[in-house]
Amino acid sequence: MNPTSPPTGRISRVVADLAPSAIRRFFDLVAQTEGVISLGVGEPDFATPWSFSSAAIGSLEAGRTTYTSNQGLLSLRRGIVAHIQRLYDLLYDPTDEVLVTIGVSEGLDIACRALLNPGDEVVIVEPCFVSYQAAVRLAHAVPVPVATHAADAFNPRAADVAAAITPRTRAIMVCSPSNPTGAVYSRACLEGIARLAAAHDLLVLSDEIYDQLYYGTEGHTCFAALPGMRERTIYFNGFSKAYAMTGWRIGYACGPADIIAAMTKIHQYTVMCAPTASQEAALEALRRGEPRVAEMVRSYDQRRRLLVDGFNRLGLDCFEPLGAFYTFPSVARTGLSDEEFCERLLVERKVATVPGSAFGACGAGHIRATYATGLPQLREALERIERFLQSL
Amino acid sequence: MTEHQRLELLRAIETEPLVDHAELAVRLGVEAGEVGAELASLEEAGVIKGYRALIDWDRLQTGAVHAFVDVHVNPEAEAGFDAIARRIARFEEVHSLHLVSGGRDLLVVVRGQDFKEVALFVAEKLAPIQGVTRTTTSFVLRTYKTEGTALLSATEDTRLAIAP
């Protein structure tokens, strides 16, 4: 018997059946290659603005290294509430409608566990962040994907969402601006989802982590701020993307008090509270981060145009993404599948991108390329992609 | 070009004066010819005074020496600080000159080949100017950050190459 082979059957069925993130394979490939320009990351290239970091250092120096309340520092929750009110004229009670989480990922996980019973269904708009399906499955529920298409700028059609709803449906998960497409759902599109949620008495899990990375003119639509939606929406956001704080792991969830209380129960039994120093840094980000965020957004906006223009010039059709820091061009013209394209581009020209199908079946034929990287790297990456396309 | 685009153009050109205009047009979302035309009109209007390189002189054996010189003056009855500032600004050795708040009146950055040249300039040219009552010279020994750019060794990109 092979001594390294573990006994079968000791991992729970739901975890054993969970496919590892499709991104993982590319990660291993990149790790073996030197000189790679990566358009494959899902995080800012900017360092955390130093005043945020120094706030955390200050809190360590002051000895604030103990637990905070399970829900997070009240000062931080108050700051979050004021921030949301200012942006969306939407008011939450910091005492029982806000929970500070370890990033949005934890928030989604505990929301699923707090809300879903085995066999419940959750409608998920795809392509989407890799953890949505997993969070639903780990809660012993069933993800039901709804496909979106480049022709609709990756906005979900109301009819498609409606067709996915069954008597077992409990919730709809949306993310706008979207990872991986960079799509921003139009207000009309979100209102369509709101009508379906009201008609079928569904909850809406709205991941708005990219709300401040928005390059359109009409402004971000906060789902919970739509008429009648506050009572059935859990609003997820965090500091990772807009404030360049991915490693600090601070997110938050806002919603009706009964749901936040249920989520807090799981949160207190699993992580107790978000790291204290990170919460202090997040509070500083809310207090003084605005100008830094504005600078980063302006920089992303220029890189966004450069990369989208570059792909379209090279014949890789790319719709104009209005949010986040991703482009999602089609590679169908090359005759390669998205996986073949990414793998060959990486091996032959050392540019890392992520196959669209990693984010759901309807992402096939596309690649995700981020512009959260410097202009020199973007220029070089476009040149390498051009040479790659010429060699096909 | 909108006001926002004009500001973005200036911000870009301030840090990347050599940038390709066609690329900049794409980044700003304007027509290809607009960048050159707008820059020309901003130069004409005196908003853009020039295009410069950011040089870390400390990396060279024969660099330049800079000193911050605090200058106390008796402002003149009519012209205030302006007349005396104009007299100081005429010297090629004066790199920059500001009227400032605080314990001194003028802050002068003097540039020269070596310490002695700068020190002698202050002693022989700056201090004797009519109206100057006192000077204090602080030589720059090392520059850590200038024009918003840190001159210390660059930080590495420690991000994972592929992340969700």
Side-chain angles (χ1 to χ4, degrees), chain A residues 21-31 33 36-45 47 105 128-131 179-180 215 246-247 295 298-299 301-310 312-313 320 342 346 350-354 358-359 368 370-379 382, chain B residues 1-39 42 47-48 51-56 143-164:
Chain A
S21 168
I23 285 183
R24 193 70 221 170
R25 198 170 66 84
F26 274 84
F27 180 73
D28 294 339
L29 257 179
V30 172
T33 320
V36 171
I37 293 183
S38 183
L39 308 183
V41 289
E43 61 179 320
D45 59 318
S105 294
C128 68
F129 185 57
V130 294
S131 82
N179 177 6
Y215 316 103
T246 46
E295 279 168 15
R298 290 199 304 261
S299 173
D301 193 18
Q302 290 192 23
R303 304 165 187 197
R304 175 183 75 98
R305 290 204 187 85
L306 185 71
L307 196 57
V308 171
D309 174 81
N312 282 320
R313 206 161 27 78
E320 189 189 0
C342 292
L346 175 59
K350 300 186 177 187
V351 176
T353 54
V354 183
F359 305 97
R368 190 191 75 175
T370 177
Y371 47 87
T373 196
L375 285 163
Q377 288 83 358
L378 288 178
R379 291 183 196 115
L382 282 169
Chain B
M1 199 172 279
T2 64
E3 190 56 32
H4 171 77
Q5 286 166 329
R6 188 170 300 117
L7 285 175
E8 282 298 89
L9 171 64
L10 287 167
R11 287 189 184 109
I13 215 81
E14 188 177 26
T15 50
E16 339 158 49
L18 298 178
V19 70
D20 177 62
H21 289 183
E23 180 197 292
L24 201 47
V26 169
R27 282 161 48 187
L28 298 173
V30 300
E31 294 302 318
E34 280 186 69
V35 167
E38 187 63 34
L39 288 175
L42 287 165
V47 176
I48 296 177
Y51 302 87
R52 357 198 13 180
L54 191 59
I55 297 167
D56 185 354
T143 299
Y144 295 102
K145 185 173 181 180
T146 185
E147 303 288 326
T149 301
L151 302 181
L152 310 162
S153 55
T155 48
E156 252 179 277
D157 188 347
T158 54
R159 296 178 297 165
L160 304 173
I162 296 276

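Small disclaimer: the values here were computed from a predicted structure and weren't measured. Below, chain A is the first sequence line, B the second, and so on; all start at residue 1.
- Contacts between residues 17-25 of chain B and chain A, defined by a heavy-atom separation under 4.5 Å, are made by V19(B), E23(B), L24(B).
- Using a 4.5 Å cut-off between heavy atoms, T353(A) touches chain B through its backbone atoms (N, CA, C, O) alone.
- In this structure, CD on E295(A) lies 8.0 Å from CZ on R11(B), to the nearest 0.5 angstrom.
- Remark: E3(B) pairs with R6(B) by the salt bridge (Lys or Arg N to Asp or Glu O under 4.0 Å) rule, at least two apart or across chains.
- Contacts between L375(A) and chain B at a heavy-atom distance below 4.5 Å involve the side chain alone, from C-beta outward.
- Contacts between P44(A) and chain B at a heavy-atom distance below 4.5 Å involve the backbone alone (N, CA, C, O).
- Partners of E31(B) according to the side chain to side chain donor-acceptor pair (under 3.5 Å) rule, which considers only residues two or more places apart in sequence or in another chain, do not exist here.
- Taken from CZ in R27(B) to OG in S299(A), the straight-line distance is 8.0 Å, to the nearest 0.5 Å.
- Nearest heavy atoms, V26(B) versus L306(A): CG1-CA, 3.8 Å.
- Only the side chain of R379(A) comes within less than 4.5 Å of a heavy atom in chain B; its backbone stays farther off.
- Considering all non-hydrogen atoms of both residues, E43(A) and R159(B) come closest at O-NH1, 2.8 Å.
- Of the atoms belonging to V41(A), heavy atoms from both backbone and side chain fall under 4.5 Å from chain B.
- Taking D45(A) as the reference, R303(A) meet the salt bridge (Lys or Arg N to Asp or Glu O under 4.0 Å) condition, with sequence neighbours excluded.
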